[in-house]
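The structure appears below as structure tokens.
The residues of the chain are indexed from 1 along the displayed sequence. Model, not experiment: these values are computed from the prediction.
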Amino acid sequence: MIDDFLYGTAGPTGPLAEVEAAVRAAAAAEIMPRHRKLAAHEIIEKSGPHDLVTAADRLAEEHLTAALTKLLPGSVVVGEEAVHADPAVYDALGGDAPVWIVDPVDGTRQFVRGEAGFCTLVALALHGEVHASWTYAPVLGEMAVAVRGRGATLNGAPMRSGSPAPGDVLNVAMSHPDYTTEAQKRALLGLRTEGIAPRPCGSAGLEYLAVARGAQDAVAFNWELAWDHAAGLLLVTEAGGAQATMSGAPYRIAGGNDLPFTAARDEATAQRVLAALRAGG
């Protein structure tokens with residue numbers, strides 16, 4: 001079903017292009033008109049001051065839900081805001097229907113501050129496997145698309161992650177150690193070692209994009225919510241990178257991963273990051 005959808009019609013009017021157009025349309029209609037123009041009542045704390053939702057998040061997810069399920073009849077949506085309202089929605093990741101995994105505004109804190117560092121993330125999965133993804137940063141004018149087995153592009157041009165130069169210090173974006181378990185905190189603090197320069201992450205989607213284009217060496221995250229990671233992990237993998245959890249197994253979108261996990265420009269870099277995480281843990 002997904003193969004027919006993704007590959008049945010190629011070219012500028014095919015399904016890949018239609019999904020891209022839907023993502024751009026949602027951002028144009030619901031996100032960008034509110035950028036730097038949010039009213040106080042349009043910003044709500046969910047679990048705390050670092051977990052925000054805005055009118056743009058909610059309305060863009062509604063827009064995408066309607067558009068994406070129309071493009072692929074029989075599909076369902078697992079979106080960040082829908083799951084916040086009803087956690088049972090997340091169970092669709094383990095079901096038999098194609099699933100659109102949606103983060104309408106990844107980097108909500110940056111969006112609230114009026115910054116450019118946010119994006120919209122969409123991934124298409126079936127039976128736990130991600131088949132395609134779209135990462136759209138509207139202020140930056142960047143659209144990255146990945147299709148399993150067919151590579152990754154940025155604004156239509158092929159994208160490769162490459163490898164760090166031998167001996168270079170690795171630049172790694174990581175979760176904030178304070179927002180995790182004690183064991184995961186120790187693992188993340190293992191990145192503060194010779195040869196690695198860790199820093200706090202911003203928008204997860206844009207951090208993955210930086211790895212996929214070779215502008216950053218790796219990421220290390222301690223949370224596993226699929227809408228933050230599904231699109232970016234496929235993007236990195238299709239650009240030539242690698243990813244693994246602490247056990248060495250790949251990240252699973254349905255959860256139950258051995259955290260933290262990493263995605264990196266190449267396999268050797270992923271193994272260096274994992275070694276540092278294990279040494280810390």
Side-chain angles (χ1 to χ4, degrees), residues 12-46 49-72 77-85 100-124 132-146 152-157 159 173 201-210 212-213 215-216 225-232 234-235:
T13 60
L16 289 173
E18 290 177 336
V19 176
E20 178 177 330
V23 173
R24 291 182 182 274
E30 308 296 355
I31 298 173
M32 291 310 296
R34 294 174 173 85
H35 188 228
R36 300 178 179 168
K37 297 177 183 177
L38 283 169
H41 71 273
E42 294 182 305
I43 306 170
I44 300 171
E45 288 187 11
K46 291 194 284 190
H50 298 285
D51 186 15
L52 304 176
V53 63
T54 72
D57 296 75
R58 179 175 53 81
L59 293 170
E61 185 169 312
E62 291 174 359
H63 187 126
L64 284 166
T65 297
L68 296 172
T69 54
K70 183 177 180 180
L71 285 175
L72 181 56
V77 173
V78 171
E80 180 173 8
E81 306 316 322
V83 172
H84 178 68
W100 298 100
I101 305 169
V102 174
D103 191 343
V105 181
D106 180 67
T108 300
R109 283 180 292 167
Q110 289 81 2
F111 179 74
V112 168
R113 292 196 295 260
E115 299 170 359
F118 66 91
C119 60
T120 297
L121 301 174
V122 172
L124 179 59
S133 76
W134 294 259
T135 299
Y136 180 44
V139 177
L140 302 176
E142 295 181 333
M143 172 68 78
V145 181
T153 61
L154 178 59
N155 292 342
M159 180 167 48
C201 68
S203 154
L206 293 184
E207 302 290 9
Y208 283 117
L209 176 56
R213 72 202 303 180
Q216 178 170 283
L225 296 170
W227 48 77
D228 286 320
H229 305 299
L234 182 66
L235 186 67

Residue pair L71, V19: steps toward the side chain to side chain contact (heavy atoms under 4.5 Å, CB included) verdict: CA-CA 8 Å; L71 285 175; V19 176; 4.0 Å; yes

Fill in: Test item: M159 and T153 side chains (from C-beta on) under 4.5 Å apart, heavy atoms
no

**Message:** Check whether S133 reaches the backbone of A231 with its side chain - one donor and one acceptor, N or O, closer than 3.5 Å.
**Reply:** yes

task = Check step by step if side chain to side chain contact (heavy atoms under 4.5 Å, CB included) holds for E30 and D57.
result = CA-CA 8 Å; E30 308 296 355; D57 296 75; over 6 Å; no

Between R34 and A29 the two heavy atoms that sit nearest each other are NH1-O, 4.1 Å

Minimal heavy-atom distance between A27 and P33, with the atoms involved, is O-CD, 4.0 Å

Taken to the nearest 0.5 Å, the spacing of R24 CZ from T120 OG1 works out to 11.0 Å

N155 and G141 have their tightest heavy-atom pair at ND2-O, 3.2 Å

Under a 4.5 Å cut-off applied to non-hydrogen side-chain atoms, are L64 and V77 in contact?
-> no

OG1 of T108 to CZ of R113, rounded to nearest 0.5 Å, is 11.0 Å

In this structure, CG of L72 is separated from CD of E18 (nearest 0.5 Å) by 11.0 Å

Is a side-chain N or O of E61 found less than 3.5 angstrom from the main chain of E81, in a donor-acceptor match?
yes

Separation between CG (D228) and OH (Y208), nearest 0.5 Å, reads 8.0 Å

For G117 and S203, the nearest pair of non-hydrogen atoms, with its separation, is O-CB, 3.5 Å

Within a strict 4.5 Å, meaning less than it, do heavy atoms of the E20 and Y136 side chains meet? no

Value for CZ (R36) from CD (E115), rounded to nearest 0.5 Å, stands at 9.0 Å

Quick note, salt bridge (charged side-chain N to carboxylate O under 4.0 Å, His left out) partners involving residues 135-146, not counting sequence neighbours, are E142-R213

Quiz prompt | Close side-chain approach of V122 and W100, heavy atoms under 4.5 Å | solution = yes

### Query
Taking C-beta and beyond as the side chain, do L225 and D103 meet within less than 4.5 Å on heavy atoms?
no

Of all heavy-atom pairs linking F118 and P138, the shortest is CE1-CG, 3.7 Å

Original post:
Is there side-chain contact between Q110 and L206, with at least one heavy-atom pair below 4.5 Å?
Top reply: no

Please work out whether the ring planes of H35 and F111 are parallel, tilted or perpendicular, with thresholds of 30° and 60°. parallel

Validation row: L16, W134 side chains within 4.5 angstrom (heavy atoms):
yes

**Asked** Is a side-chain N or O of D106 found less than 3.5 angstrom from the main chain of A204, in a donor-acceptor match?
**Response** yes

